[in-house]
Amino acid sequence: MLTLKLIRENTDEVIKHLAVKHFDGSVIISKIIELDDRRKAIQLQLDNNLAEQNRIAKEIGKLFNEGTTEANSAKAKSGELKELSKSLSQELNEVEEEQRKLLMQVPNLPHESVPQGVSASDNVVVRTGGNIPNLAKEALPHWDLASKYNIIDFELGVKITGSGFPVYRGKGAKLQRALINFFLDYNTQAGYEEIEPPHMVNEDSAYGTGQLPDKDSQMYHVTADGFYMIPTAEVPVTNIYRDVILHASMLPIKLTAYTPCFRREAGSYGKEVRGLNRLHQFDKVEIVQIQHPDRSYESLEEMVSHVEGLLQKLELPYRIVKLCGGDMSFTSALTYDFEVFSAAQHKWLEVSSVSNFESYQANRMMLRFKEEGDKKAQLAHTLNGSSLALPRIVAALLENNQTPYGIKIPKVLLPYCGFDIIDL
RNA sequence: GGAGAGAUGGCCGAGUGGUCUAAGGCGCACGCCUGGAGAGCGUGUAUACGCCAAAAGCGUAUCGAGGGUUCGAAUCCCUCUCUCUCCGCCA
């Protein structure tokens with residue numbers, strides 16, 4: 001959520017920047033400011049009114065203490081004021097709610113370095129690495145390899161739950177565990193504190209990171225208890241600091257967590273989602289940083305090279321793209337996507353998305369910090385990224401490393417797997 | 001799931017209708033004292049919104065959340081949430 005201060009003080013700038021995200025803010029912004037003027041006027045009147053009521057009540061209290069029980073005219077006056085206060089505060093609530101609703105509809109401002117563009121094809125490739133293998137003509141896509149070596153069973157998942165819930169078995173299951181451990185170790189060595197958070201969250205948390213109200217159809221909702229299955233560890237982990245005021249000296253806070261992720265992804269079926277390409281449940285290791293506004297872009301770059309290091313160790317061909325205005329998420333100010341090349345599908349697959357949300361999430365969840373000696377708390381910046389999402393990494397590993405005699409496992413995973421090849 | 005007890009500031013904890021402008025303590029910050037430290041003494045110690053060009057200052061709200069009674073609610077009433085204890089169930 002953008003701050004009212006920013007909207008009021010830099011109205012034209014805000015509208016101009018929103019246009020990069022192809023969001024026409026002119027009408028909604030002026031509506032928000034208009035509501036804000038009304039809000040202030042109402043609150044001034046209400047506050048004065050309440051102050052008068054308080055004054056009368058104290059006076060009556062004084063009379064009682066002095067033994068006088070007659071205070072009927074004051075009581076009547078207070079009654080009138082109370083009526084007025086009631087309608088004013090109702091009006092105030094309505095205005096505030098309407099303003100909040102509008103504010104929630106305004107996306108985060110893109111950073112000035114965000115490239116212009118409307119779709120993924122306008123994203124800018126900033127770096128590439130690794131080598132794309134030359135596979136034989138008879139090379140198999142990962143879903144065929146998965147069944148050939150009996151390491152992932154998609155049909156069995158359908159029987160147990162439904163499509164998009166694969167069953168990993170044998171070396172396939174072990175590979176999952178190896179990747180998770182490898183990622184977590186790599187992150188904690190870089191100073192991230194390991195967190196194991198709840199896999200379901202309440203409504204407040206879902207609002208805090210922005211999954212609600214607009215993306216509720218993407219989350220599994222446990223209606224009996226009002227919980228949501230987490231679509232990413234970002235939600236529970238970032239919400240650790242909801243309604244918290246930190247000391248500036250505690251920044252940056254760096255956290256990492258492995259969790260399964262649950263996404264309904266309603267309505268998307270077909271070739272694009274075959275095999276591991278898109279699932280309802282998948283494993284992911286996430287990194288989160290809470291940082292001082294002056295240093296959040298340094299952190300973003302640090303997180304980008306951190307994730308890049310993982311892909312290099314896995315010896316996968318990758319590219320890093322900077323998302324254009326039209327392809328960015330609602331809440332992000334700047335996002336780098338990481339893609340690996342899946343050689344049998346001849347496709348780049350997104351395996352990580354590293355973003356700086358600046359104060360957009362922090363404002364929504366009241367995550368602030370106080371500078372030593374300062375009286376006023378200010379909003380922190382939040383950042384997060386995957387390091388990494390497993391299924392597409394597995395897809396690329398299987399396809400790219402296939403040989404006639406089995407699938408080779410990257411050296412870095414050997415201590416975690418205990419094997420260096422998946423064969424028959 | 002059943003029965004009971006609770007929820008007060010950064011923390012502990014008092015407070016059952018009117019100087020609550022929330023006692024007291026701990027912690028923290030600053031000052032005095034000291035050769036230095038400690039002890040002691042003193043002062044201060046939340047958040048949001050609004051008024052004000054800004055600061056100072058002032059106003060309003062906040063004692064788990066929401067509603068109600070009353071001129072006046074931390075205190076009384078209703079609803080909800082959460083925590084604890086006991087029982088039941090359970091990895």
Side-chain angles (χ1 to χ4, degrees), chain A residues 1-10 32-104 196 198-208 212 221-228 236 239-251 253 260 359 362-380:
Chain A
M1 203 161 64
L2 297 179
T3 61
L4 276 168
K5 191 171 147 70
L6 180 74
I7 290 174
R8 292 196 74 111
E9 289 174 6
N10 304 290
I32 287 169
I33 292 174
E34 189 190 310
L35 282 168
D36 204 41
D37 291 337
R38 260 180 72 199
R39 190 192 104 242
K40 288 185 183 190
I42 295 166
Q43 188 173 343
L44 183 60
Q45 206 187 339
L46 176 62
D47 283 357
N48 289 339
N49 221 46
L50 289 171
E52 180 66 7
Q53 276 174 247
N54 287 341
R55 202 185 56 74
I56 291 171
K58 261 177 204 164
E59 223 159 70
I60 294 174
K62 214 180 279 174
L63 290 178
F64 264 87
N65 283 343
E66 288 162 3
T68 318
T69 47
E70 276 301 316
N72 286 336
S73 70
K75 284 189 187 179
K77 181 79 201 294
S78 186
E80 283 170 34
L81 290 171
K82 201 178 169 182
E83 284 296 302
L84 185 56
S85 291
K86 207 168 176 176
S87 73
L88 282 172
S89 87
Q90 198 180 336
E91 206 180 331
L92 184 66
N93 281 340
E94 281 165 14
V95 170
E96 277 177 345
E97 199 183 320
E98 198 181 340
Q99 186 184 43
R100 192 179 152 78
K101 224 184 266 173
L102 292 179
L103 223 36
M104 291 276 213
E196 183 176 315
H199 298 169
M200 293 188 223
V201 295
N202 60 28
E203 216 171 83
D204 286 345
S205 296
Y207 270 101
L212 288 178
H221 190 191
V222 183
T223 49
D225 299 285
F227 298 151
Y228 292 88
N239 272 285
I240 292 173
Y241 292 95
R242 171 154 49 84
D243 293 321
V244 167
I245 300 177
L246 299 157
H247 293 288
S249 61
M250 295 167 77
L251 302 174
I253 287 172
S359 61
N363 187 34
R364 207 181 270 210
M365 69 169 86
M366 294 304 273
L367 194 185
R368 291 162 297 167
F369 72 97
K370 214 183 258 189
E371 208 90 60
E372 195 65 44
D374 274 11
K375 232 178 134 63
K376 195 109 175 99
Q378 46 182 321
L379 294 170

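Here the structure is a predicted model, which means the values were calculated and not measured. Letters A, B, ... mirror the listed sequences (proteins, then strands); counts begin at 1.
Between A:N239 and A:R242, the shortest heavy-atom distance links the atoms OD1-NE, 2.8 Å. For the pair A:Y228 and A:E203, the tightest heavy-atom approach, listed with the atom from each and the gap, is CE1-CG, 4.2 Å.
Separating the C1' atom of B:U83 from that of B:A65 is a span of 15 Å, rounded to the nearest Å. Comparing the same atom, C1', in B:G9 and in B:C28 gives a spacing of 14 Å after rounding to whole Å. Going from the C1' atom of B:G27 to that of B:U16 covers 30 Å, rounded to whole Å. Across B:C41 and B:G25, the matching P atoms stand 10 Å from one another, rounded to whole Å. The same atom, C1', is picked in B:G67 and in B:C58; the two are 31 Å apart, to the nearest Å. Between B:G24 and B:G15, the distance separating the two C1' atoms is 11 Å to the nearest Å. Here the separation of B:U8 from B:A73, taken at their C1' atoms, is 14 Å to the nearest Å. Only the P atoms considered, B:C11 is 15 Å distant from B:C63, to the nearest whole Å.
For A:R368 and B:A46, the CZ to P distance is 14 Å, given to the nearest whole Å. Taking atom CD of residue A:Q99 and atom C1' of nucleotide B:A48, one finds them 14 Å apart after rounding to whole Å. In this structure, CZ of A:R38 is placed 16 Å from P of B:G50, rounded to the nearest angstrom. Following rounding to the nearest Å, A:K5 (NZ) and B:A53 (P) show an atom-to-atom distance of 15 Å. The interatomic distance linking A:N93 (CG) with B:G67 (C1') rounds to 13 Å, in whole Å. One atom, CG of A:L81, and another, P of B:G72, lie 10 Å apart when rounded to the nearest Å. Protein atom CD of A:Q53 is 7 Å distant from nucleotide atom P of B:G72, rounded to whole Å. Rounded to whole Å, the distance from CD1 on A:I42 to C1' on B:G50 is 13 Å.
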So A:I56 and A:L81, side chain to side chain contact (heavy atoms under 4.5 Å, CB included) or not? Walk me through it.
CA-CA 10 Å; A:I56 291 171; A:L81 290 171; 3.8 Å; yes
Would you please test A:R8 and A:D37 for side chain to side chain contact (heavy atoms under 4.5 Å, CB included) and show each step?
CA-CA 10 Å; A:R8 292 196 74 111; A:D37 291 337; 2.7 Å; yes
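Within the 3.5 Å criterion, the main-chain N or O of A:A362 finds no donor-acceptor partner in the side chain of A:S359. In this structure, the side chain of A:N48 engages the main chain of A:L44 through a donor-acceptor pair within 3.5 Å.
When the side-chain nitrogen and oxygen atoms of A:K370 are compared with OP1 and OP2 of B:U47, one or more of them lie within a distance under 4.0 Å. For the pair A:K376 and B:U47, the criterion of a side-chain N or O lying under 4.0 Å from OP1 or OP2 is not met. In terms of phosphate contacts, A:R39 brings a side-chain nitrogen or oxygen within less than 4.0 Å of OP1 or OP2 of B:G50.
The listed nucleotides are B:U47, B:U21, B:C71; the one nearest the side chain of A:I245 is B:U47. In this structure, of B:G68, B:G72, B:U47, it is B:G72 that holds the atom nearest to the side chain of A:K82.
Ion pairing between a basic and an acidic side chain is recognised when a charged N comes within 4.0 Å of a carboxylate O; A:E59 and A:R55 show such pairing. Under 4.0 Å is where a charged nitrogen must lie from a carboxylate oxygen, and between A:K5 and A:D36 no such pair does.
With RNA chain B read from its 5' end, the first of the two nearest nucleotides for A:K40 and A:I56 is the one closest to A:K40. Between A:K86 and A:E96, it is A:E96 whose nearest contact on RNA chain B lies nearer the 5' terminus.
For the 3.5 Å distance criterion, the side chains of A:S85 and A:N49 qualify, holding a donor opposite an acceptor.
Every stem involving RNA chain B, taken as at least 3 paired positions in a row under the Watson-Crick or G-U wobble test at 3.5 Å, is listed here: B:1-7 with B:81-87, B:10-12 with B:24-26, B:27-32 with B:40-45, B:46-51 with B:57-62, B:64-68 with B:76-80.
Residues satisfying the side chain to side chain donor-acceptor pair (under 3.5 Å) criterion with A:R368, sequence neighbours excluded, are absent altogether.
The distance from atom CD of A:E98 to atom CZ of A:R38, rounded to the nearest 0.5 Å, is 7.0 Å.
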Reading nucleotides 55-64 of chain B from the 5' end, what letters show protein touch, with B for base, S for backbone sugar-phosphate only, - for no heavy atom under 4.0 Å?
----BSS---
